[in-house]
Amino acid sequence: MSSMRFASRMSAQTLIRTPADGITERFDPIACLGERVRHRARPLGPVEPGRYIEIQGPQQTLLIPLAGEAMRIGRGLSAELHLDDSSVSRRHAILVPRPSGVRILDDRSSNGTFVNGRRVQQADLQAGDVILLGRVLLRYLEL
């Protein structure tokens, strides 16, 4: 009975909070990149043809080249694309290069892996696809 009373007091405004509620936070995804990743990353500009992950911060945009082998993404220190942010799981996702393109696999993450706003377990990426891991936004590029 008490759970019924609690539910009746809830409203849509109680459950949904928007940025208009004054709860906003400035977030720089480049600041959460691991040092190894920053060393490999290139500033946005003329680059060699290839496959890249783009990460955009408030001051700069970096391109991370994708090599021929699988790339683990996560907060864990063993991840090749280390993202030191609490919204990213230690083992969040895996990028798997294939002759036809790149496939992303969710690696049992807590917050899920999203491609173009849709939660996925796995998906073939197309140039320009937006990837969301926790609160870190990435873009897959083929140049």
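These numbers come from a predicted model, not from an experiment.
His92 places a side-chain N or O within donor-acceptor distance of the main-chain N or O of Gly112, the cut-off being under 3.5 Å. In this structure, Arg75 contributes its side chain and Val88 its backbone to a donor-acceptor pair below 3.5 Å. The main-chain N or O of Ala79 is never found under 3.5 Å from a side-chain atom of His82 such that the two would form a donor-acceptor pair. Side-chain N or O atoms of Ser87 include one that pairs as donor or acceptor with a backbone N or O of Arg135 at under 3.5 Å. In this structure, the side chain of Arg38 engages the main chain of Ala31 through a donor-acceptor pair within 3.5 Å. Using modelled atom types, no side-chain atom of Thr113 and backbone atom of Ala93 make a donor-acceptor pair closer than 3.5 Å.
Considering all non-hydrogen atoms of both residues, Pro97 and Val102 come closest at CA-CG2, 4.2 Å. Scanning all heavy atoms of the two residues, the minimum distance from Gln56 to Pro29 falls at O-CG, 3.1 Å. Contact record, Ile131 with Tyr140: CD1-CB, 4.3 Å, taken as the closest heavy-atom pair.
Both Leu125 and Leu138 belong to a single network of hydrophobic side chains, linked directly or stepwise wherever heavy atoms of I, L, V, M, F, W or Y lie under 4.5 Å apart. Criterion: ILVMFWY side-chain heavy atoms under 4.5 Å apart, direct or through other members. Under it, Ile30 and Ile53 are part of a common hydrophobic cluster. A chain of hydrophobic side-chain contacts below 4.5 Å, direct or via other Ile, Leu, Val, Met, Phe, Trp or Tyr residues, connects Val136 to Val120. Under the 4.5 Å side-chain heavy-atom criterion for Ile, Leu, Val, Met, Phe, Trp and Tyr, Val130 and Ile73 are members of distinct hydrophobic clusters. When hydrophobic clusters are built by joining Ile, Leu, Val, Met, Phe, Trp and Tyr residues whose side-chain heavy atoms come closer than 4.5 Å, directly or via intermediates, Val37 is not grouped with Leu63.
With a 4.5 Å cut-off between side-chain heavy atoms of Ile, Leu, Val, Met, Phe, Trp and Tyr, the cluster of Ile94 takes in Val96, Leu105.
Leu44 is not listed as a side-chain neighbour of Leu62, based on a closest heavy-atom distance of 4.5 Å or more. Residues Tyr52 and Leu66 fail the side-chain proximity criterion, which asks for heavy atoms closer than 4.5 Å.
There is no side-chain donor-acceptor pair under 3.5 Å between Asn111 and Ser109.
The side-chain contact (heavy atoms from CB on, under 4.5 Å) test with Glu80 singles out one residue from Arg72, Glu69, Arg36, and that residue is Arg72.
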